[in-house]
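Comments concern the structure below.
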Amino acid sequence: MSLINYSSREINCKIVYYGPGLCGKTTNLQHIYSRVPQETRGKMISLATEMDRTLFFDFLPLELGQIRGFRTRFHLYTVPGQVYYNASRKLILKGVDGIVFVADSQIDRFDANVESLMNMHDNLSEHGLATEKVPLVMQYNKRDLPRVVSVADLEKELNPSQAPYFEAVALRGAGVFDTLKVACKLVLKTLG
Amino acid sequence: MVKGNWALFEEDFYSISLILQTLMRSAGSRSVMLIDKTGQLINSIGEPPGFDVTSFSSLAAADFAANAQLAEMVGEKDFATLVHQGTNESLYLSLIANRVILVVLFDKKTSLGLVRLKARRASDELIVVLNRLFNKLQYRNEEATVPTLGAEFLAEADSEIDSLFRE
């Protein structure tokens, strides 16, 4: 839920990276953290297990600076992808302004993508949010791997609403910023 | 509400600041924060904390959210207050109007009892201000526009996003 503070002249927006386990949500945030100027980013928080699997969420605040007198910030969150952490996923979605759905392009992860997407719809509706009302960007990750589903098939199955999509190799940073930029712009458009 | 978001206007911000300042002084606490339930910092009063308040806010909201789920599991509607007691520093967190979290950071110079008492009083006052604000937002939604965030804002934001978020 974006918060506009007219007194301290601040705008805060929340973008959540959603997707199945090991699809690259945390990798997206790590890449963003490593590449944005130091004054743009805050501290990155990762609540992860000892095996570096996200337990609760990752959090990265980004600041655009002053725009027409408003300090504009984006708070990026990831959800834990593993199926049994649904209670945590639901909590992170609370107050979401925009979603990046990171899909794993590998053939054997196709069903996991579908399941995660359905789970996202369910969790949004439990918050009283209709998926079509929330700005959404699709990211088809791991395009460099050998056995991947074609983009056309991913689009057909995962993106019926024709949200903007990007191909990505998050580990190398490809497509990460394209995805982020469009997500941020879509979110701000809902405020304008 | 303003297009599904929530906005804080100058007069409400000052009322809130005043309540928080009074709470901080009367409870003998080090600092007081007000955080939106989704993890956004609304206001912070007192000693500038030696930590990142943005991250702190997101963790405090997550803490509350997780505890609310635990409450539900044991058959409670919610745990309206949480206390984290450390050797030197302690935290008192309380949910107000089901929308915002009041956080009081205090040390051994004061007691939990006093913090709790003063925080309850402040919560009652904050509820009045917040309800007034929510009613106002409802009304402004009918006007359907937020005058300061127009096309120029979006154009400038877009170009800033393009220049900052790139390889």
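All chains are named by letter (A, B, ...) in the order of the sequence lines, taking the proteins before the strands, and each is independently numbered beginning at 1.
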inquiry  = I'd like to know whether A:Tyr6 forms a side chain to side chain contact (heavy atoms under 4.5 Å, CB included) with B:Leu8, so could you lay out the CA-CA distance, the side-chain angles of the two residues, the decisive distance to 0.1 Å, and finally the verdict.
reply    = CA-CA 6 Å; A:Tyr6 285 99; B:Leu8 202 58; 6.0 Å; no
Nearest 0.5 Å please: distance from the [atom1] atom of [X] over to the [atom2] atom of [Y].
X	Y	atom1	atom2	result
A:Lys94	B:Lys37	NZ	NZ	4.5 Å
B:Asp36	A:Leu3	CG	CG	6.0 Å
B:Leu41	A:Glu10	CG	CD	7.5 Å
B:Glu152	A:Arg68	CD	CZ	5.0 Å

request  = Answer with side chain, backbone, both or neither: which region of B:Gln69 has an atom nearer than 4.5 Å to a non-hydrogen atom of chain A?
outcome  =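 Contact with chain A involves the side chain of B:Gln69 alone.
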key: Under 4.5 Å from a heavy atom of chain A, the part of B:Ile42 involved   = both
Chain B contact via [X] - side chain, backbone, both or neither, heavy atoms under 4.5 Å:
X	answer
A:Ile32	neither
A:Ile45	side chain
A:Leu60	neither
A:Glu39	neither
A:Leu47	side chain

Test: B:Asp162 and A:Lys185 ion pair at under 4.0 Å =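 Result for this pair is yes, salt bridge flagged.
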query = Are side-chain heavy atoms of B:Phe153 and A:Thr72 found at a separation under 4.5 Å?
reply =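 Contact flag for B:Phe153/A:Thr72 side chains = yes.
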Student check: side-chain heavy atoms of B:Thr38 and A:Asn12 closer than 4.5 Å =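 Contact flag for B:Thr38/A:Asn12 side chains = no.
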request  = Could you pull out the closest heavy-atom pair between B:Glu156 and A:Ile67, with the gap in Å?
outcome  =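 Closest heavy-atom pair between B:Glu156 and A:Ile67: CB-CG2, 3.8 Å.
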request  = Over all heavy atoms of both residues, which pair between B:Ala157 and A:Leu188 is shortest? Give the atoms and the distance, please.
outcome  =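 Closest pair (atom of B:Ala157, atom of A:Leu188, distance): CB-CD1, 3.4 Å.
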key: With B:Phe165, the side chain to side chain contact (heavy atoms under 4.5 Å, CB included) member among A:Asp178, A:Val176, A:Thr179, A:Leu64   =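 Between B:Phe165 and the candidates, side chain to side chain contact (heavy atoms under 4.5 Å, CB included) is satisfied uniquely by A:Leu64.
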task = Select all residues of residues 50-64 of chain B having any heavy atom within less than 4.5 Å of some heavy atom of chain A, and report them by number, or 'none'.
result =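 B:Asp52, B:Thr54, B:Ser55, B:Ser58, B:Leu59, B:Ala62 fall under the 4.5 Å cut-off.
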message = Is there a continuous path of hydrophobic side-chain contacts, each under 4.5 Å between heavy atoms, that joins B:Ile35 to B:Phe79?
response =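 Yes: a chain of side-chain contacts under 4.5 Å links B:Ile35 to B:Phe79.
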